[in-house]
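Here is the naming used below: chain letters follow the sequence lines, and residue numbers restart at 1 for every chain. Basis for what follows: all heavy atoms, side chains included, without hydrogens, waters or symmetry-related copies.
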Protein chains: 2
Amino acid sequence: MSKKKTNVTVHDLARELNLNASSVSRALNDHPRISVETKQRVLKLAKKYNYKLNKAAYTLRTGKGKTIGVIVPRINRFFFSNAIHGIEEIAASQDYNVIICQTLDSTTKEMKSIKALLGDKVDGIVASITPDVEAKNPYAKCCANYKEVVKSQTPLVFFNMVCEDFKVSKVVVDDELGGFMGTEHLIQEGAKRIALLSGQTHLNIYYRRLEGYKRALTRHGYPIDESLILDGDLTEHAGYECTRKLMAMQNPPDAIFAVTDYLAIGGIRFLKRNGYEVPGDVLVCGFMNEPFNDLLQPSLSSIEQHSHQMGQTAAEMLLDEVMRPKKNATAQTVVLTPELMTRHSSSLEKSVLTPG
Amino acid sequence: MSKKKTNVTVHDLARELNLNASSVSRALNDHPRISVETKQRVLKLAKKYNYKLNKAAYTLRTGKGKTIGVIVPRINRFFFSNAIHGIEEIAASQDYNVIICQTLDSTTKEMKSIKALLGDKVDGIVASITPDVEAKNPYAKCCANYKEVVKSQTPLVFFNMVCEDFKVSKVVVDDELGGFMGTEHLIQEGAKRIALLSGQTHLNIYYRRLEGYKRALTRHGYPIDESLILDGDLTEHAGYECTRKLMAMQNPPDAIFAVTDYLAIGGIRFLKRNGYEVPGDVLVCGFMNEPFNDLLQPSLSSIEQHSHQMGQTAAEMLLDEVMRPKKNATAQTVVLTPELMTRHSSSLEKSVLTPG
DNA sequence: AGTATGAAAGCAATCGATTGCTTTACTAAA
DNA sequence: TTTAGTAAAGCAATCGATTGCTTTCATACT
């Protein structure tokens, strides 16, 4: 900001060391053509004067911005703000800046964000795709969006909600396992008939949670009753309505596993309002582990997705790709292990010890 | 990113228009020394080729980074992620980038963030200070932190939690009014003895909420009973404990106003666990309007602080300062009006219509 | 001795926009 | 007709780091 020649440049260092700026630059970048001795002299002086790379000059010359872009639906959703936190940490540690874009759940805005980031010539992009809920195949369109990124050769890493067809690195939580864990937990707590409040099962993450649910049932010798599997919106309201339907069955469930905490909360609301005890009559477990689950009554059991770590990992992978020479087709997928967070809503025992 | 000469430069435009790059640059910047006619020709071609300023070159030449820094305690708190959303919007609209720093509630990290941003030569900083809760006067130390910013001449705008001693622009919500509104609301709902669960009252925002509380009581002819005013941590636990104390009084309150939703939630938990009805026996109102207040049982009334708008306004003021020539001492303070969000916890009527 | 070999470092151009200082080309005043 | 005056635009340097191409030595080899 200030006009003062406050910052040391390679030229300053070069002058003092009786070297040329180019040599200083090479020394700082550990270029093999500079002698070890010179490198040490340069490094020492650089430290002494607290030399800092001028990012603008670097970018102008190299075209690399030392900046990564992040695209998420909304930054004020806990999951994403937490992931961004992780991304920021890693980026900052490598002296990279982060530009955050929100799609506000619109694929049109998603496209705009992508164009903006590519226009800014970011060095890479970390993204959780915005599914087009209107489309039959929600992935089709957004995949199309990200084709631009691939075309531009910009390194790309997906996290959370990913595009399967792209040969890029991905970080996801093991949704199948999450579905399994939650279901098995309910079984272990004594549930006999477990309903699943699902999201749209053509969305990969919800489909996989459904699979995990089925695997747990099968593993424990429970039948899979399709009438206990409902899908739709992810809202609290949807949870309320689905639960109403479920409890109206002749043979209603004694446990509800929801793929989202909001769904679970809606379910609990219906149950409480209609005289059912949670967990006394019906056990409930959600998914996402929203920070307020602890505050609910009863507190809501859930599956933690480690969003913070997800962000960190995604950023690490991206920066690795950005800085490493492009060894082709290194796309790898990191799968994080979800964690069951047991609270009152799914545990009679807990509930007795420390009531709601 | 890509090496292709994908971006149009002033030189490209100049060549095509038979002009000099400097003239093109001046035309684009609406410099008075360029004829209107030429400006129009340039602008037209720029539009045609979708000319975009090369930020790196601009920054290198001018020292201005077209970047603003944001410092907040944590970006995954809804209030802040929401404010950041607002800041991003405004910044993006002016082609500014945003660098986000978190202090994680540590004044030491706050200092680091400040140094990092100043090192990055950001054009300005938007900050919500991180009070040092250990210190007797929590403002003293953080104010010290921000002195660096002022020294460096970097434009600075505070929001939410501000440093009173600085002659810089500020955006805050009218906490006094918020305190007043919440209290008056409880009075109107029939409360006779209203307790206040406060934060540390040497923190300005809590002090002002306290003042508003007192003003409302006085205005309505209620006595101010100091024994009904408790302060301390802002945790749910603190809310629980304080409420326990309150209800143990011979003359317990029939309403609780908490300066934070977490405090209120703790209070409600105590009440429910001990056989009190909310709102039947005790009315409760919080402050912050956390997004999950709607999900609680009963849903929690609260004071909305318009964090999104706060971010927008702060960013607008900052960019104004950044772009305007430094007319000295223009520091202004914008005070936003809080909003009462009535829900079940404070309203018998609501509660009856649509039970908890 | 004479040249090949190569390590170490210097030179100068480059990236794109900006800006102080000219130059150009008229018009108005003397 | 000459000169001052001015509007319009060009020239060239600059910001700091990078990098292809040389240059400079010095050691090795025939």
Side-chain angles (χ1 to χ4, degrees), chain A residues 1-43 45-46 49-67 95 119-121 123 323 325, chain B residues 1-43 45-46 49-66 95 119-121 123 323:
Chain A
M1 245 274 53
S2 38
K3 289 283 171 189
K4 313 165 213 166
K5 208 185 195 107
T6 179
N7 286 63
V8 193
T9 74
V10 280
H11 299 281
D12 299 328
L13 297 180
R15 198 176 315 121
E16 183 145 346
L17 291 168
N18 238 324
L19 277 173
N20 187 282
S22 60
S23 300
V24 172
S25 171
R26 289 193 170 100
L28 290 170
N29 288 300
D30 202 25
H31 188 109
R33 305 197 52 146
I34 300 294
S35 69
V36 178
E37 185 200 15
T38 302
K39 279 178 189 166
Q40 288 177 336
R41 290 202 305 144
V42 171
L43 252 18
L45 199 70
Y49 286 151
N50 191 27
Y51 167 82
K52 275 202 70 184
L53 174 74
N54 180 313
K55 215 171 255 185
Y58 173 86
T59 301
L60 179 56
R61 184 62 233 265
T62 65
K64 310 218 155 248
K66 285 242 174 191
T67 299
D95 203 27
D120 277 357
K121 294 201 244 149
D123 299 308
M323 298 189 295
Chain B
M1 244 275 50
S2 39
K3 290 284 172 190
K4 312 165 211 164
K5 207 183 195 111
T6 178
N7 287 61
V8 194
T9 73
V10 280
H11 300 281
D12 300 330
L13 298 180
R15 198 178 315 122
E16 182 144 348
L17 290 168
N18 238 324
L19 277 174
N20 186 281
S22 60
S23 299
V24 172
S25 171
R26 288 194 171 100
L28 290 169
N29 288 300
D30 202 26
H31 188 109
R33 306 197 51 146
I34 300 294
S35 69
V36 178
E37 184 200 15
T38 303
K39 278 179 190 168
Q40 287 177 336
R41 289 201 306 145
V42 171
L43 253 18
L45 200 69
Y49 285 150
N50 190 29
Y51 167 82
K52 274 202 69 184
L53 173 73
N54 180 312
K55 218 172 254 188
Y58 173 86
T59 301
L60 179 57
R61 184 62 233 263
T62 64
K64 310 217 155 252
K66 284 240 175 195
D95 202 26
D120 278 357
K121 293 200 247 153
D123 298 310
M323 299 188 297

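The CG atom of A:D95 sits 6.0 Å away from atom NZ of A:K52, with the distance rounded to the nearest 0.5 Å. Taking NZ of A:K39 as the start and CG of A:N29 as the end, the distance is 10.0 Å to the nearest 0.5 Å. Rounding to the nearest 0.5 Å places CG of B:L13 at 10.5 Å from OG of B:S25.
Atom P of nucleotide C:dC11 and atom CG of A:L19 are separated by 11 Å, given to the nearest angstrom. Put simply, CZ on B:R15 is 14 Å from P on D:dC11, counting in whole angstrom units. Between B:D12 atom CG and C:dG16 atom P the separation is 8 Å, expressed in whole Å. Atom OH of A:Y49 and atom C1' of D:dG16 are 18 Å apart (whole Å). Following rounding to the nearest Å, A:K64 (NZ) and C:dC15 (P) show an atom-to-atom distance of 17 Å. Between B:K66 atom NZ and C:dG16 atom P there is a gap of 18 Å when expressed in whole angstrom units. The NE2-C1' distance, from B:H11 to D:dA12, rounds to 12 Å in whole Å. Regarding B:N54, its CG atom lies at a distance of 6 Å from the P atom of C:dG16, rounded to whole Å.
The nearest heavy atom of DNA chain C to B:S23 and to A:A21 marks one nucleotide each, and the one closer to the 5' end goes with A:A21.
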Got a list of side-chain donor-acceptor pairs under 3.5 Å for residues 15-22 of chain A, not counting sequence neighbours?
| unit_1 | atom_1 | unit_2 | atom_2 | d |
| --- | --- | --- | --- | --- |
| A:R15 | NH2 | A:D12 | OD1 | 3.3 |
| A:E16 | OE1 | A:Y49 | OH | 3.0 |
| A:E16 | OE2 | A:Y49 | OH | 3.1 |
| A:N20 | OD1 | A:S22 | N | 2.8 |
| A:N20 | OD1 | A:S22 | OG | 2.8 |

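Not counting sequence neighbours, A:K66 has no partner by the side-chain hydrogen bond (donor to acceptor under 3.5 Å, both in side chains) test.
The stretch residues 24-38 of chain B comes close to DNA chain D through B:R26, B:R33, B:I34, B:S35, B:T38, each having a heavy atom under 4.0 Å from the strand.
Among all heavy-atom pairs drawn from B:A46 and B:L28, the shortest one is CB-CD2, 4.0 Å. The two residues B:L60 and A:A56 make their nearest non-hydrogen contact at N-CB, 3.6 Å.
Listed pair A:N20 / C:dC11 meets the phosphate criterion, a side-chain N or O lying under 4.0 Å from OP1 or OP2. Under 4.0 angstrom from either OP1 or OP2 of D:dT19 there lies no side-chain N or O belonging to A:Y58.
Distances were taken from every side-chain heavy atom of B:L53 (C-beta onward) to each of C:dC15, D:dA17, C:dA17; the shortest belongs to C:dA17.
The base of D:dC11 lies close enough to the side chain of B:S22 for a donor and an acceptor atom to sit less than 3.5 Å apart.
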